[in-house]
Amino acid sequence: MDSQNLERINSMLDAEVEIREKIKEQVTEFDKRTRTLVGILNRIHSTRSEKMSTLLDQARPVLDSCRETTAALADIVPPDQFWKWKDMWSLSLRSAVFSATLMEYLNSGTLLSLPAVAETLGFKPEWKDRVTLAVEDYLHGVITLVNELSRLAVNSVTLGDFEQPIKISLFVKDIFAGFSMLNLKNDTLRRRYDSLKYDIKKIEEVVYDVSLRKLAPSAQEKAE
Amino acid sequence: MDSQNLERINSMLDAEVEIREKIKEQVTEFDKRTRTLVGILNRIHSTRSEKMSTLLDQARPVLDSCRETTAALADIVPPDQFWKWKDMWSLSLRSAVFSATLMEYLNSGTLLSLPAVAETLGFKPEWKDRVTLAVEDYLHGVITLVNELSRLAVNSVTLGDFEQPIKISLFVKDIFAGFSMLNLKNDTLRRRYDSLKYDIKKIEEVVYDVSLRKLAPSAQEKAE
Amino acid sequence: MDSQNLERINSMLDAEVEIREKIKEQVTEFDKRTRTLVGILNRIHSTRSEKMSTLLDQARPVLDSCRETTAALADIVPPDQFWKWKDMWSLSLRSAVFSATLMEYLNSGTLLSLPAVAETLGFKPEWKDRVTLAVEDYLHGVITLVNELSRLAVNSVTLGDFEQPIKISLFVKDIFAGFSMLNLKNDTLRRRYDSLKYDIKKIEEVVYDVSLRKLAPSAQEKAE
Amino acid sequence: MDSQNLERINSMLDAEVEIREKIKEQVTEFDKRTRTLVGILNRIHSTRSEKMSTLLDQARPVLDSCRETTAALADIVPPDQFWKWKDMWSLSLRSAVFSATLMEYLNSGTLLSLPAVAETLGFKPEWKDRVTLAVEDYLHGVITLVNELSRLAVNSVTLGDFEQPIKISLFVKDIFAGFSMLNLKNDTLRRRYDSLKYDIKKIEEVVYDVSLRKLAPSAQEKAE
Amino acid sequence: MDSQNLERINSMLDAEVEIREKIKEQVTEFDKRTRTLVGILNRIHSTRSEKMSTLLDQARPVLDSCRETTAALADIVPPDQFWKWKDMWSLSLRSAVFSATLMEYLNSGTLLSLPAVAETLGFKPEWKDRVTLAVEDYLHGVITLVNELSRLAVNSVTLGDFEQPIKISLFVKDIFAGFSMLNLKNDTLRRRYDSLKYDIKKIEEVVYDVSLRKLAPSAQEKAE
Amino acid sequence: MDSQNLERINSMLDAEVEIREKIKEQVTEFDKRTRTLVGILNRIHSTRSEKMSTLLDQARPVLDSCRETTAALADIVPPDQFWKWKDMWSLSLRSAVFSATLMEYLNSGTLLSLPAVAETLGFKPEWKDRVTLAVEDYLHGVITLVNELSRLAVNSVTLGDFEQPIKISLFVKDIFAGFSMLNLKNDTLRRRYDSLKYDIKKIEEVVYDVSLRKLAPSAQEKAE
Amino acid sequence: MTLPPTLNSRDTILAVFDHFREELDDHNDRRERLIKSSRDVTNLSKKVIFLLHRTMTEDVGEADDRTLGSRAASRARGKLKEIQSLFAGMRPELSGDRYARYQRNVSPGLQEYIEALSFAHYLEHRALISYEEVQRSLCDDDGTPYFPLSLEDYLLGLSDLTGELMRFAIASISRRGGRQKANDVCHFVRDYFEGLTPYFRDLRKKQAVTGQSLEKIEDAAYAVAVRTSEFDLPSEMLDDLVAQMVSR
Amino acid sequence: MTLPPTLNSRDTILAVFDHFREELDDHNDRRERLIKSSRDVTNLSKKVIFLLHRTMTEDVGEADDRTLGSRAASRARGKLKEIQSLFAGMRPELSGDRYARYQRNVSPGLQEYIEALSFAHYLEHRALISYEEVQRSLCDDDGTPYFPLSLEDYLLGLSDLTGELMRFAIASISRRGGRQKANDVCHFVRDYFEGLTPYFRDLRKKQAVTGQSLEKIEDAAYAVAVRTSEFDLPSEMLDDLVAQMVSR
Ligand SMILES: [Mn+2]
Ligand SMILES: [Mn+2]
């Protein structure tokens, strides 16, 4: 192997190792942030609706801090290499998407769109060949949101809030109808989408329990 | 899910599906080419050295035709997405790298460098965010070359050519020394590199047999 | 390998590849149709019984369009090769069976028989060695029907229809009695058959809730 | 190999074999004890709360007898070699941790701390380089406790005890919150921790069923 | 989980993570050293005996530098935890053992004993509960030595040195006889020991080739 | 479970455990014996033919001591349970068969028959449903014998004995003819039988070398 | 065939190996026959199990559980006899030390048979079939066993029983008296479990499945309990009320 | 059985499912029978292969290779006929669209048969048996196929042939003319390979094994070449010299 060939190869390999190390560091940090965030949001299951906004206020700064990660990654990843490295942070990123959409649902009852999530997390359009919010990561986050809302439907009844399940039911059916129009290939996303049916079924059963017992008079009208 | 959000997502997913289909088509073609190439080069094991150049002449146009694939892929892959799609063609590409380096070895006894292979296969520098020859693909091809040369060492002796193993031994030891200076992480490449030791041992035993029996007078001097 | 043999092999291979490609195309189309169909039928859960027939009218033409797929497949598959290719389309076919039987249930309250489903989907008896409706595909479709009806039992109560669960209960018990006549291997069908028991249990619970709330006023009071 | 070198090696190897045999003997005994213990504790699922203390009285002496194992192991393991041998007994030890913490929960409703479990099982601080209760073994035992309690929540309702699930729910959520603050690396422990979510969901559903039907009037207040 | 319990656990887990990181750093360094060492020693196969000592002189300082690793590890590993961490560095350590014993063989024709290797690599007796040379690591290194010597026997003949194989044959048989007296359990070591037979067979065949052709007159006498 | 049934099960289990323990003890002993035996016989490769009988005299008492194992096993194994337990000792037994047949070959140049080996190892016909020499164990031993003889052919030439390889060649070809009478399954025996061909090839090469060096002086000259 | 203790010519060696060949061929052929018979046993046993489930879920007016159980068991008896005669047919292939040799080839069928037999036994007697009883079912008219039943086959056959009991419990739960039935099965399986837990380690994998079955049964019993506790009436009376509503 | 298009009573449903049961039972029973026959075919084929090897390594004076090959093939013919009649017996179970349905159950035996048949064919004709010839061996007297041979079975059966050829080459190498034989097999296998390499991707795993076999054959040919190159005599003459030395 002539030495020029060898040198070129070695410097390419070394550069890769260095980038990997730097990204790993950021991901460790990102992971801590999203774990804290998910930890805070886990408390929604025992929080009455009137105190929900206080909880969200606590979560907000942590969510905002994720922008630092995004910026740091944009600094590290070389041009054109987004797809080479993205798997390293996508688990954490999906947690962040989940948190952002959950917070928006609790706040306004609506689904945060992909560009809105991207903005919330501090992605800049000009970084798109280095760090960006890929469709699949957004969709994974939204599926996790549905999983969590089926749990919330159950727990809000326990807390005496009989309207929440009905709200969730409508919101989630809408998302499900959206998903069913997507052309998903037969991969993880597809499998997770299929599992949404169980969440919807669970939510429907909660709504059933509530309306059977006439606990939420609005149930019938709204469910239509 | 509001319809704008949905539409955007759907068009992104559809675009992906289309790109995938187009690449798949090219890969099928690429695969046919490299399999034909490997099929022709398989015949080196029963070809006497004096007829080797005729064999190479047959292989050359097939190797050259791989440039069409490279160009076609460069047309399909969108900017910045090299790393997203490269796994689809890397198996075929490694076969092509193997073929190119084998042909060069048989022709000139030297190792084709990474940029030289890239040129042979028609990669243009300006495509580097769409299609390019990654280091790992080059190295995989070179390891396959060593695997094949250990077989050639054996078969050339059967055909009465006692010099070839000695040439191979020197060439391969040089490559091995090169590899041992690389900072390979513990992945497939590392495992395949470890397996090179068996090839080298086999080649050394052929050289041993030849020099023990004084079949190639040059053996001793050259081996040093 | 002698060239005549090789040629024969090659032409057989090419023929197979071509058939596979053509079927794949049809299946993509079939899949779209059944997904649309299932999407429409998903709305039964929020549709009051008096509007059900309007919904069915919307679904009918999509169901009918599946006949085109059947005919196209019959054109492609060579004689006697039904079992060789059927796995390629059986997932979509089962969705179609499910849709046809669900629509019939909603319309007449009865179970569409296998030959009747086959006719609905446009299978011709003379194609039976190429495309036909196999027993297992029919049974899979019927199991999906029961899965869906257990969901409908729940949701119809939410919508204020207390008769539907009782109708479903009787219908599903008859189907279950049919299934228990079969000797199944340890395969998917067996596993799905086992799952039927849970659907029946769920339906019974709904019937239970509804009946007692009507007939046991004392209980009612306590529950409130 | 010179004989002194050989002798030294051989005596080291022989010593190892002997220690292994002795530990194996103790582990067989330990395993019997913990299996008996788990066998007795299995009965909590069919035991009404008023008879629980009788059951615990039966289990207590078996739990106490584990101290003999601990002492015996401390006698066998040479200084500094705790980490060399601990895998041999850790499965049994985790069963013992599980049993001790379950018994404490049933008795006082609290979680036994790591030092308290260590004391219960007879570990002496001065043995810490030979036998001690490692953090991971404690945590594994606690996770098993949560798994078991989710089953108990279900079965206590069947036995007519509607308060138990609510107690369990609070207890387990507390543990879960604790776990979510730990810095678990991505190993078995992490995977088992992730699975706790299913247990919690199941328990929440039981609490939901109970409070929806107003079977335990305290449900709402306590769940907050 | 009460906060004291939690804090204690967390600080234990954090300490572990930190130690692991520090060891990993040292192991990366250790790995580089042993790879360089093995790279240099790989040249024995093309080095005439008269130049061997020059080669060894080059290797010596690299071998000596391993003492730094040993000392650094002794600083990091807490008392009593040798067995907890040793797997992290044992691959590199075995390479070092191999190198040390190979160098001694080439220098003096004798086998370096376990304590001698330990000393060469800078292990201090007082560190024995933190870092030490375990028997199995020593034995693994010696087996690698035999693997390498069978290759050397072949290559030395190629280089015209007909005495080396005979020397190796006697040396290796002695080691093999030593191993066959050890009480090895049925593990990796046992499996690698079994593979020694192939090396010995290969060496015997080289000696056979040499003596059949009367290339080394001393062969017969020495082989006895 | 009713207590009588449980008791019966328990006593059966205990009996099995006891038998297993006792056999294990015997096998440990058996293993030591055959390892010593194989260790002694390993010296044939460096022993001149005139001193062979002294070596055999040393091995004989060790071989005879295997009868104690056989008798002990016959005492332990219950009637009709030979096939249940035989795997526990068959590795050692095959070593013993190998040793017995090797010793007979060295002594008389003939193959010891199965019944003769059985007698040598002290098997009594009346034990045949408890301990006996199964055909497959005999065959495995004989294959090991051939493996060893191919090594001996090589080494005897090194020691100046040119007759041994020719004797071995004739002997081994007869055995191979025997083996090719068998219809084997795709099991270990088949794989080892396949490997016999390589031993025969090696032996033939030695015979070839030796014969030509005696009979083809012209060749000799060239080779030197 | 008398041969010298050492084989000193190609012909004697060939004669001996010819004998080995016969022995090996014999063994392989016998193994094949037993594997085939074992497959037959498996298939018949599976059919018995379906027949038992089918009978237990038939709509037969007011037949109580005991009656249904007896009817199921007696319907199964014929097919079980058929299986037993398959075992009788294997007897010569399994005599003496042969059983130990071919056990692993016979086990799959045997375990499936034990599963079927113990299920029938449970339905008829609400009890676990004992080792003795299984062994007795595999004896000729004189009470001589066709082969000795191994403990492993007995226990592994029983492990599979829990799966069937789970199916049985869940299928029954939406029928009259289902709550009681779920509770019965629940106690039965727990009892079986508690009996064995302290003794076995090796059955772990199978026991994990048994544990899952038990949990499913418990969940079913729970569902009934929760639902009936909402009302202040005895569960039999609730069942009657529902039946009245649903009657066609 | 005439039924209404929709089933509106439990009785009609039961009647229909009763019919399904018959159909499923039929299918399962047929599958079982075919699996059993396939096992028989496998076993007989393995015996043929051993018989062929055995005949080729017999010591029969100066018989040349062609003669040995013909003898081996003619000895195998009887057993191959036996296997063919097993296939003939399966014919009714595999008629029409059934073959495609049960192919995977028949394949293991069929591939082993093709391995045996092609080995016999090689020994007799030193040529690769063609697809047509294999299909012809599975026809009745009128030349009607028992079932259509699938390409996959043909190719996978041939892949296994290389393993047997490797065994054949290595066993022959230490016999007179072994060098030539190793070279012949080597060329034969390479030729087969080069013919197929450009076409197949899916046969990969099997081809890896074929590749290993080829390497082993090459190593054997190499060993002979190296050893004879040391002497300046034609290899046949060297063989004679050795034989002279070794003759008893
Ligand atoms: Mn079962
Ligand atoms: Mn084969």
Side-chain angles (χ1 to χ4, degrees), chain B residues 139 143 146 150 153-154 156-157 162-187 189-224, chain E residues 24 27-29 31-52 55 88 91-92 95 98 144 147-162 164-165 195 198-199 201-203 205-216 219:
Chain B
L139 295 177
I143 291 174
V146 174
S150 91
V154 166
S156 56
V157 167
F162 302 111
E163 294 293 330
Q164 186 66 279
I166 296 164
K167 254 178 70 189
I168 289 174
S169 171
L170 295 170
F171 180 70
V172 159
K173 277 184 179 173
D174 197 32
I175 292 180
F176 186 73
F179 264 100
S180 68
M181 298 179 63
L182 298 180
N183 186 8
L184 299 172
K185 279 160 304 114
N186 218 351
D187 54 2
L189 211 50
R190 179 83 203 227
R191 238 172 305 126
R192 288 198 68 199
Y193 158 64
D194 285 340
S195 78
L196 286 185
K197 283 171 202 159
Y198 296 96
D199 291 313
I200 291 187
K201 224 178 143 183
K202 187 160 189 183
I203 296 168
E204 286 174 350
E205 286 172 14
V206 173
V207 172
Y208 162 88
D209 279 334
V210 166
S211 52
L212 174 78
R213 293 179 177 78
K214 308 204 172 70
L215 298 172
S218 64
Q220 264 184 49
E221 296 99 66
K222 284 202 185 155
E224 281 170 56
Chain E
K24 211 181 273 175
V27 169
T28 305
E29 195 55 34
D31 197 44
K32 263 190 214 158
R33 279 170 178 148
T34 56
R35 262 195 296 138
T36 310
L37 200 50
V38 169
I40 297 172
L41 291 172
N42 190 36
R43 275 186 261 140
I44 59 170
H45 299 289
S46 47
T47 300
R48 296 189 167 282
S49 41
E50 58 270 23
K51 297 191 188 145
M52 205 60 102
L55 184 66
M88 290 182 71
L91 273 188
S92 306
S95 282
F98 154 68
T144 307
N147 299 154
E148 196 72 8
L149 289 180
S150 94
R151 218 184 125 198
L152 183 61
V154 166
N155 289 317
S156 55
V157 167
T158 304
L159 290 172
D161 176 354
F162 304 108
Q164 186 67 279
S195 78
Y198 297 96
D199 291 314
K201 229 178 139 181
K202 184 78 216 169
I203 297 167
E205 286 170 15
V206 174
V207 171
Y208 160 90
D209 278 334
V210 166
S211 52
L212 179 77
R213 290 174 181 78
K214 306 208 174 68
L215 296 170

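Every chain is numbered from 1, with letters handed out A, B, ... down the list of sequences. Remember, it's a predicted structure, so these values are computed and weren't measured experimentally.
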Under a 4.5 Å heavy-atom cut-off, does chain B meet the side chain of [X], its backbone, both or neither?
X        : result
E:Ser150 : side chain
E:Val38  : neither
E:Lys202 : side chain

(message) With rounding to the nearest 0.5 angstrom, report the CD1 to CZ distance, E:Ile40 to E:Arg35.
(response) 13.0 Å
(message) For the CG atom of E:Leu159 and the CD atom of E:Gln164, what is their distance to the nearest 0.5 Å?
(response) 10.5 Å
(request) Specify which of E:Lys32, E:Arg43, E:Arg151 makes the most heavy-atom pairs with chain B at under 4.5 Å. (result) E:Arg151
(request) For atom NZ of E:Lys201, decide whether the heavy atoms of other residues, nucleotides or ligands shown that lie under 6.0 angstrom number more than 12. (result) yes
(request) Return yes if some donor-acceptor pair links the side-chain N/O of B:Ser169 with the main-chain N/O of B:Pro165 below 3.5 Å, else return no. (result) no
